[in-house]
Every structure is written in structure tokens, then in C-alpha cells.
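Counting starts at 1 for both ligands and their atoms, following the listed order.
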Amino acid sequence: MLSWAVMLKLPGLIDIHVHLRDPGQTEKEDFFTGTCAAIAGGFTTVIDMPNNVTPVTSLKTLKRKIEIAKEKTVCDIGFYAGSLGDNLDELMKMEPYVFGLKLYLNRTTGNYIIDKDKLKDIYRAWKSDKPILLHAESDVVEDSIGVAKAMGKKLHICHIASKFELSTIMRAKDKGFNVTCGVTPHHFFLTIDDVRKLGAFAMMKPPVEEGAIDFLWNNLDYIDVVESDHAPHTKEEKLSRNPTFGVPNLDTTLPLLLTAVSEGRLTLERLKELCFYNPKKIFNIKTDENTYVEVDEEEIFVINKKMLYTKCGWSPYEGREMRGKVKRVFYRGRKVFEDGRLFVGRGDGVVDTGEK
Ligand code: NCD
Ligand code: ZN
């Protein structure tokens, strides 16, 4: 018997936080494989972080990255500028070509940390209304918000993972301060028990905190975006004695969120706000009305590594049952994905430099 599932139409989703590893670590991912994973996962715009092997802290490194992306991307892609505190005169040169400035106040992949004392100088040199994004864990959050508030800067705090961090943001928001924040799929969907079972395959920055998952869900109203922090590493690195931090996400974010919708933990309206309307507004991202995603909300399937397009070839969610599957994706009017198959060519996507 034939049955016609009613497809749900969503706008092409936006992921404001990905690490596509290109150039420099293309054994983990590259602009082609990473953006293929995005499309297959219902995301048609991604913004890539600057913690490459050669950090993107100058106009020269940024322009080189943009040129490489133009040859490989299959969806819309944009970038952030980075700083190690030593490139103040480069910041406004990069500004016209990026969606914001990313700063790391805690140690993570690429040893890309800056000294807290440099924060004021960097904030001052960023003479832009494009957001400053912070990787700021635990008590660092409060300080960095305070400085930004005093200097009138627009701040986005990445990957909120703990009760303490979210409470700090909640207080700042309740006082009317212009700060936004994002939560990753792993902090929404991996429990501490999952982390114990998965070992290195669930090691990431910030780590999953015991009990935080319920606090994040219970205070969803304070969360502005879901950002995947798609951070692929090879299986060999994860199995080594010194595993790297980070997990892939682009293929699986939307099925996880649709499953939460089917369980009544999230509304579809909220899903669209978190993955489209809010990122679009906060980062001033242009989108195309002929770019959209069709999902079957009822389809039940199990995540397996064969269906993944990320080059790293694994997912912390392998074996999980999902309800809600991406069936088709249309990019600028063209069908680019249907029933697990991609119809894309390297460089078919658009590099959005954020220029006005
Ligand atoms: C990220 C990576 O691997 O680039 N790792 C991670 O655990 N999140 C870096 C980062 O966003 O901190
Ligand atoms: Zn990240």
C-alpha cells in the first residue's frame, strides 16, 4: 500500500558555529565534506571558526581561507575573525569580510587562548556592531560580560554548558544587557551516562556537566541559538592516549531536535527560532527564499555511520533512534539532497563575506 507522508517545510537552517578544519587539518574535514554534511543535515548556511592550524588572525590568512572555500563549499558559508591579542591593527581590516570576532578565554583545540588582560584592548579595537563571540567557561563568563557591558559591545557567549554559566547569562539578560547565547546539541542530548559510555568520543570543550542537561531544557527561554560546534577529529585521534576535544554534529543536529519536538520537549516554532530566525537576526545573515528543507516528522530511523557525510565518519549518536528525517533540501531553487543522496558539485555554494 502506498502512503504519502506529509512533508514539513523548514527554511534552510543556519549553524553559526562550525570547525571545518580547512585549510590545515583536512584529514579531519574540509570545506566540501563539511558543507555536504551540513546540507544532508538540513543546514544551508554555516559560519566557520578561526582556530585553524594557522589561526585566522590577519586579512591575508582570512582571504586565503575565503579563496579555498569558494572552490569547495556546497552551501552558504561565512567566517569569523580571530585574535590572539597581537593583531589589533588587523581586526578592522578583516571586519568587512566576517560575521563577527571570535575570542577564546579558555584553552581548547589549537591553543588559541588569549589573556584576560588583553580583552579590553581587543574590545576597543573591534569598532564594529558585529558581535564578539566568546568561548568563556564557568567564572570567566561573568567578567567578560561585565567588560563588554561597560564598553557597549554586542556579545554572544558560545556553547553554554553548565548551570553556573546559564545562570550568569540569565541574570545579565534579566538586567536588560544585550548578550546572546548558544547551546550545542551535545549539551542538550548527551547525559553524563552517555559520556561515560562513549569515553573520548564524547570529550569536548566545555565538557558535559552532570545534571546540567535538565537545567538547560528548563530554561530554554533564555537560549537564543542552537550552535553545533561541529568539531570533527579522526577516530585515530579519539582512540589515542591523548584524545582531542570536540565532536561532529552537522549531520545529526536536526534529527535530534525533531525527535525532541516529537517528544513534546520543543515546539517547531522554537526550533525555527533557534536554528534560523535568531541566528539570522543576531549575525545579520542574508538568506534565500528558494532555499528550504523538507522533513518527514514521522519517519523513525537509527543513526548509523554509513549515512554520515562528515569526513571523520563517526558520531556520538550512532545507534540512537530518531523521529524526524531530512528528506529533501533545495538550495537556491535547486534540489541538492533527496533520500540520503546529494546532488552537489564542489564550489556550487556561495561564500558570504558579510559585506554590506
Ligand atoms: C573545538 C575544536 O576542536 O576546534 N573543540 C571543542 O571541543 N569544542 C574547539 C572549540 O570550539 O572549543
Ligand atoms: Zn567551537
Inset, instruction - Would you kindly specify which portion of Glu227 sits under 4.0 Å from ligand 1, judged on non-hydrogen atoms: side chain, backbone, both or neither? - result: neither

Inset, instruction - Examine the proximity of ligand 1 to Met204 and report which part, side chain or backbone, both or neither, has a heavy atom under 4.0 Å away. - result: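 The answer is both.
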
Inset, instruction - Note the single closest protein heavy atom to atom 12 (O) of ligand 1, along with its residue, its atom name and the distance in Å. - result: Thr108 OG1, 2.7 Å

Inset, instruction - Take every heavy atom of His17, measure it against each atom of ligand 1, and state whether any distance is under 4.0 Å. - result: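 Checking ligand 1 against His17, which is what was asked, there is a heavy-atom contact under 4.0 Å.
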
Legend entry - Contact check, Met49 vs ligand 1, heavy-atom distance below 4.0 Å: no

Inset, instruction - State, with a plain yes or no, whether a side-chain heavy atom of Glu95 is found less than 4.5 Å away from one of Trp126. - result: yes

Legend entry - Numbering as shown, the atoms of ligand 1 that approach His135 to under 4.0 Å (heavy-atom distance):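 Counting from 1, the qualifying ligand atoms are 12 (O).
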
Legend entry - Atoms in ligand 1 with a heavy atom of Asp229 nearer than 4.0 Å: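 Matching atoms, with element in brackets: 8 (N), 11 (O).
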
Inset, instruction - Identify which protein N/O/S atoms are less than 2.8 Å from the Zn ion (ligand 2). - result: His17 NE2, His19 NE2, Asp229 OD1

Legend entry - Contacts of type ring-ring contact (aromatic ring centres under 6.0 Å, His included), residue His19, not counting sequence neighbours: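 His19 satisfies ring-ring contact (aromatic ring centres under 6.0 Å, His included) with His17 once adjacent residues are dropped.
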
Inset, instruction - Measure the NZ-CH2 distance between Lys305 and Trp314 for me, rounded to the nearest 0.5 Å. - result: 12.5 Å

Inset, instruction - First locate atom CZ of Arg196, then atom OG1 of Thr191, and finally report the distance between them rounded to the nearest 0.5 Å. - result: 9.0 Å

Inset, instruction - Using the test side chain to side chain donor-acceptor pair (under 3.5 Å), find all partners of Arg323 that sit at least two apart in sequence or belong to another chain. - result: Glu298

Legend entry - side chain to side chain contact (heavy atoms under 4.5 Å, CB included) involving Lys153 - partner list, sequence neighbours excluded: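 Counting only residues at least two positions away or on another chain, Lys153 forms a side chain to side chain contact (heavy atoms under 4.5 Å, CB included) with Tyr123, Ile132, Ala148, Met151.
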
Inset, instruction - May I ask you to check whether Lys205 has an N/O atom sitting below 3.5 Å from an N/O atom of ligand 1? - result: yes

